[in-house]
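Below is one structure, written out as structure tokens, with a few remarks after it.
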Amino acid sequence: GLFQFIFGALKKYAIADCLYNFISAIFDGPYNNLPGSIIVFGILLYSAYQYADFSGGIDMVIGISKLFGIKMQPNFKQPYFSISLADFWRRWHISLGLWMKDYVFYPFVLTEGMQNLTKKCGKFGKHLQRTIPAGIANILVFFIVGIWHGPEMHYVLWGLYNGFVIALSDFLKPVFTKCTTA
């Protein structure tokens with residue numbers, strides 16, 4: 001527990017806090033004359049900052065919990081090694097994802113209206129029967145996650161964007177499979 005707490009503290013304070021100063025230097029000033037490469041570098045640094053800050057804090061909580069004999073599940077599983085956006089979200093903030101799956105996704109998919117839609121989509125094959133209701137549920141989940149991050153429009157649009165990309169990639173999976181095996 002102590003090792004995990006120290007590891008989390010290093011991520012949060014030695015990595016995230018140091019990165020914050022670099023990110024601020026890039027984005028807090030006038031950046032209309034900055035080269036695009038510096039802006040892209042700042043975006044990459046921000047991604048590393050977010051991960052180090054959030055997962056470091058979670059590691060500290062999990063470490064303290066272990067010291068008190070409480071076992072918590074991991075909340076991150078190397079999200080930046082994901083192979084798709086859906087895989088990324090399965091690895092990032094796992095507890096929120098599982099909560100959304102249990103309390104929003106499945107209850108929504110199991111509503112009478114969605115069950116009727118599932119049956120109607122069955123006329124078009126098993127793939128559409130599964131993906132259309134799941135896609136709508138994913139869009140709803142990410143819409144709610146966007147609002148959870150904040151009621152501002154950019155969070156709502158960020159959530160909808162992620163939901164639509166995941167739904168579309170699931171819908172087009174047979175096409176992707178055909179392209180990769182051809």
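Predicted model only: the values in this text are computed from it and were never measured. Residue numbers run from 1 in the order of the sequence given.
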Worked verdict on Ile147 versus Tyr155 for side-chain contact (heavy atoms from CB on, under 4.5 Å): CA-CA 6 Å; Ile147 292 171; Tyr155 288 123; over 6 Å; no
Heavy atoms only: give me the nearest [X]-[Y] pair and the separation to one decimal.
X      : Y      : value
Lys77  : Pro74  : CE-CG, 4.3 Å
Gly42  : Ile26  : CA-CD1, 3.7 Å
Leu98  : Gln73  : CD1-NE2, 3.5 Å
Ala167 : Gly135 : CB-CA, 3.6 Å

Chi angles and distances behind the ring pair (Phe, Tyr, Trp, His ring centres under 6.0 Å) call for Phe41, Phe22: CA-CA 10 Å; Phe41 183 64; Phe22 289 111; 8.1 Å; no
Criterion ring pair (Phe, Tyr, Trp, His ring centres under 6.0 Å) on Tyr80 and Phe88, from CA distance to verdict: CA-CA 7 Å; Tyr80 289 121; Phe88 176 85; 5.7 Å; yes
Please answer: with hydrophobic residues joined when any side-chain heavy atoms are less than 4.5 Å apart, are [X] and [Y] in the same cluster?
X      : Y      : result
Phe143 : Met153 : yes
Phe124 : Ile136 : yes
Leu19  : Ile43  : yes
Leu168 : Val175 : yes
Phe76  : Val61  : yes

Between [atom1] on residue [X] and [atom2] on residue [Y], distance to nearest 0.5 Å:
X      : Y      : atom1 : atom2 : answer
Phe142 : Met100 : CZ    : CE    : 9.5 Å
Asn116 : Thr111 : CG    : OG1   : 8.5 Å
Leu10  : Ile6   : CG    : CD1   : 7.5 Å
Ser24  : Tyr49  : OG    : OH    : 8.5 Å
Phe105 : Ile144 : CZ    : CD1   : 12.0 Å
Ile139 : Asn162 : CD1   : CG    : 11.5 Å

Non-neighbouring partners of Asp87 that pass side-chain hydrogen bond (donor to acceptor under 3.5 Å, both in side chains), sequence neighbours left out: Arg91
Partners meeting side-chain hydrogen bond (donor to acceptor under 3.5 Å, both in side chains) with Arg130 (sequence neighbours left out): Asp170
May I ask you to test the [X]-[Y] pair for a side-chain heavy-atom distance under 4.5 Å?
X      : Y      : result
Leu128 : Phe171 : yes
Tyr106 : Lys101 : yes
Ile38  : Pro35  : yes
Ile62  : Phe5   : no
Arg90  : Ile94  : no

Whether Gln115 side chain and Val109 backbone form a donor-acceptor pair below 3.5 Å: yes
Tyr13, OH: over 12 other non-hydrogen atoms inside 6.0 angstrom: no
Phe27 ring center within less than 6.0 Å of Tyr46 ring center: no
Sequence neighbours excluded - salt bridge (Lys or Arg N to Asp or Glu O under 4.0 Å) pairs with any residue from residues 53-71: Lys11-Asp59, Lys12-Asp53
Trp92 and Tyr51 aromatic ring geometry - parallel, tilted or perpendicular at 30°/60° bounds: tilted
Chi angles and distances behind the side-chain contact (heavy atoms from CB on, under 4.5 Å) call for Met114, Phe108: CA-CA 7 Å; Met114 290 303 288; Phe108 179 71; 3.7 Å; yes
Residues Trp99, His93; criterion ring pair (Phe, Tyr, Trp, His ring centres under 6.0 Å); working and verdict: CA-CA 10 Å; Trp99 192 93; His93 203 338; over 10 Å; no
Pair Leu96-Trp148, side-chain contact (heavy atoms from CB on, under 4.5 Å): steps then yes or no: CA-CA 10 Å; Leu96 176 62; Trp148 178 80; 3.6 Å; yes
